[in-house]
Q: 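Just dropping this structure here.
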Amino acid sequence: MSSFRRAQQWATFARSWHLYDMKWQNPYESAYVIKKYLSGLWKPIYHPLNNCGDHVVVINSKEVALPGDDWYRRAYFHHRRYAGSKSWTLAWELHEADNTLIVKKAVYFALEKGLFRGNQMTRLHIFPDANIPPEIAGNITNQIRPLRPVPSKLEEVPDEVASQCPQLFDLPADFVEGSDLWGKPDPERKAQPIRTPYKPKGQEPW
Amino acid sequence: MLRVVSISLRSFISSHHVIKSTTRSFGVSAWLSLKEIREKQEGDTLIIEGVNIKSPREGLLVKTDNEKGACPLCALGLDVKHTDILIIKQFLDHNAKLYPRNITGLCRWQQRKMKYLAEMATRAGLINSLLREPVPEYQKGWRKFNTYYDEDEIPSSGSEYALQKNREFEEAYRLAKAEKDAHEEMLRKQRQERRK
C-alpha cells in the first residue's frame with residue numbers, strides 16, 4: 001500500500017467535525033439535516049452497522065424559531081412511572097428551562113431507533129450561544145448550510161440601505177405625512193341623506 | 001432655532017380657531033396638500049408660511065407602468081415574504097397601519113395579502129421600531145422567542161378560490177378534450193384502413 005493510499009484510508013475512516021448555526025432555524029426541519037452527518041449517511045462507506053458517524057457542533061440553540069403558534073401548541077410528554085406523575089410541558093416552557101433541550105430532542109427523534117442512537121447522540125454538541133470551548137472549535141472543518149435565511153429587523157438595517165430601497169408607489173399629491181386624519185371621516189362633513197335602496201328602472205311589477 | 005413641523009392644514013385650522021377666518025384667503029391649492037408649515041417669530045409678529053415640499057420617494061420610484069394597468073406588485077411579479085420589511089414598510093404609515101387602497105394603488109388581492117404580511121412581520125417582531133410604543137405583552141411568555149410564518153397559509157379569498165377552481169376545471173377540460181380528439185383520430189384512421 002502506497003503512502004497516498006494509506007493516508008486516503010485514514011481520511012476515509014476519520015471522524016470530521018461540522019458546525020451548524022441554529023439562528024432562526026426550525027429545529028425539527030434541521031434535525032434531519034444534522035441526522036445525515038451524525039449517522040454518516042453522506043459517506044460512500046455508509047452501512048447501518050458501520051460506525052462512521054461524524055461530530056456536529058450546534059451553536060445559537062437559544063435563537064431557534066418555530067413556525068406560527070408552535071411555541072404554545074407543541075407539548076412534551078413525560079411520565080415518571082409514579083401514579084399521577086404525568087406532565088405535559090409546552091415548547092416555550094421547555095425552552096425557558098433549558099435552551100438546548102428542544103434541539104436535542106428534535107435530533108433524538110429524527111435519528112433511527114436502535115442501539116446506535118445513544119452512541120450517535122454523544123457526538124452531538126449543543127451550545128446555547130456562539131461561545132464554543134477552544135478544544136472543540138479547533139476540530140471544526142466544515143459548516144453545514146442553514147435551511148432558511150436569517151431575517152433582519154428594521155432597526156438593524158443600516159440607513160444607507162433603507163434610504164436607497166426602491167419604492168413601489170408614490171404618495172398622492174394631497175397627502176399629509178404624519179397626520180392621523182386619513183381613513184377617518186371628515187369632521188366638517190355635513191350629514192348626508194340616507195341612500196334609498198337601488199331600484200332598477202323599468203322593473204316595477206305594477 | 002427654527003423648528004420645522006409638518007402638520008396637516010386642516011388639523012392646524014381646527015386647533016387654532018382664532019385665525020380660521022384669516023386663513024380662508026390662501027386656500028387656493030388643494031385643501032389637504034403635502035405642505036410644510038413653518039412658523040417664524042420676529043419680534044411681536046408671528047409669520048406662518050406653507051411651503052409645498054417634494055415627496056421623499058421621488059427619485060427612488062420603480063417603473064411599474066403596465067399596458068393592462070396592473071398594480072405595482074402584480075406588474076413586477078414580486079413574491080413578497082413577511083421578512084421583506086423594506087417593501088412592507090412602504091405600505092405602512094407612521095403608526096404601522098396599512099394605507100387604504102386608494103393611496104397604495106394595489107389590486108384587491110395584493111392589498112389583502114399585504115394586510116396579512118404586515119401582521120406577520122409585526123408578530124415576528126421585525127418592525128417593532130415602527131410601532132409607537134412596544135407592546136408589553138409581546139415580551140412575555142412564548143412571545144420572547146423567535147417565530148416565523150408561512151406565506152402559503154394565508155387563506156385565499158372566495159373569488160380567488162373560485163378562479164383557482166375555474167383554472168383547474170379548464171386544465172382538466174383541455175386534457176380530456178385532447179384525449180378524446182386523439183381517440184377519435186385513431187378511430188378515423190382505423191376506419192380508413194378498413195375501407196382500403
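The figures that follow rest on heavy atoms only: side chains count, while hydrogens, waters and symmetry mates do not. Each chain gets a letter, A, B and so on, in the order the sequences are listed, and its residues count up from 1.
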Q: Taking side chain as everything from C-beta outward and backbone as N, CA, C, O, which of these in B:L76 sits under 4.5 Å from a heavy atom of chain A? Side chain, backbone, both or neither.
A: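 Only the side chain of B:L76 comes within 4.5 Å of chain A.
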
Q: Side chain, backbone, both or neither: which part of B:K89 has a heavy atom under 4.5 Å from chain A?
A: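 Only the side chain of B:K89 comes within 4.5 Å of chain A.
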
Q: Are there more than 12 heavy atoms of other residues, nucleotides or ligands under 6.0 Å from atom CG of A:D159?
A: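 Open.
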
Q: Any chance CD of B:E168 has more than 12 other-residue heavy atoms, nucleotides or ligands included, within less than 6.0 Å?
A: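 Yes, CD of B:E168 has more than 12 neighbouring heavy atoms, counting only those of other groups under 6.0 Å.
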
Q: For B:I88, is it the side chain, the backbone, both, or neither that has a heavy atom closer than 4.5 Å to a heavy atom of chain A?
A: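 B:I88 has no heavy atom closer than 4.5 Å to chain A.
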
Q: With chain B, which of A:K153, A:K23, A:Q164 has the greatest number of heavy-atom pairs at distances under 4.5 Å?
A: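 Counting heavy-atom pairs under 4.5 Å, the top option is A:K153.
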
Q: Sort by residue number and list every member of residues 26-54 of chain A having a non-hydrogen atom under 4.5 Å from chain B.
A: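 When heavy atoms of chain B are the reference, residues 26-54 of chain A contributes A:N26, A:E29 within the under-4.5 Å range.
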
Q: Give a yes or no answer on whether the side chain of B:Q90 reaches the backbone of A:P166 with a donor-acceptor pair at less than 3.5 Å.
A: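 A pair under 3.5 Å: yes.
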
Q: I'd like to know whether CZ of A:R15 has more than 12 heavy-atom contacts from other residues, nucleotides or ligands below 6.0 angstrom.
A: yes

Q: Which atoms form the tightest heavy-atom contact between B:I85 and A:S152, and what is the distance?
A: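 Smallest interatomic distance, heavy atoms only, reads CD1-O, 2.9 Å.
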
Q: Can you confirm whether A:L171 sits close enough to B:I103 that some side-chain heavy atom of one is under 4.5 Å from a side-chain heavy atom of the other?
A: yes

Q: Does A:Y108 OH have over 12 foreign heavy atoms under 6.0 Å away?
A: no

Q: Any heavy-atom pair between the side chains of B:F91 and A:L168 that's under 4.5 Å?
A: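 In contact.
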
Q: If the contact rule is any heavy atom under 4.5 Å from chain B, which residues of residues 60-97 of chain A qualify, in numerical order?
A: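 Hits under 4.5 Å: A:E63, A:V64, A:A65, A:L66, A:P67, A:G68, A:W71, A:Y72, A:W92, A:H95, A:E96.
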
Q: For chain A, which candidate among B:L106, B:L126, B:N102 shows the most heavy-atom pairs at distances under 4.5 Å?
A: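 Maximum pair count with chain A is reached by B:L126.
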
Q: Of all the heavy-atom pairs spanning A:S163 and B:L60, show the shortest one and how long it is.
A: O-CD1, 3.2 Å

Q: For A:E156, which atoms come within 4.5 Å of any heavy atom of chain B: side chain, backbone, both, or neither?
A: neither

Q: Which answer fits B:T64, side chain, backbone, both or neither, if we ask what part of it has an atom under 4.5 Å from a heavy atom of chain A?
A: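 For B:T64, the contact with chain A is made by the side chain alone.
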
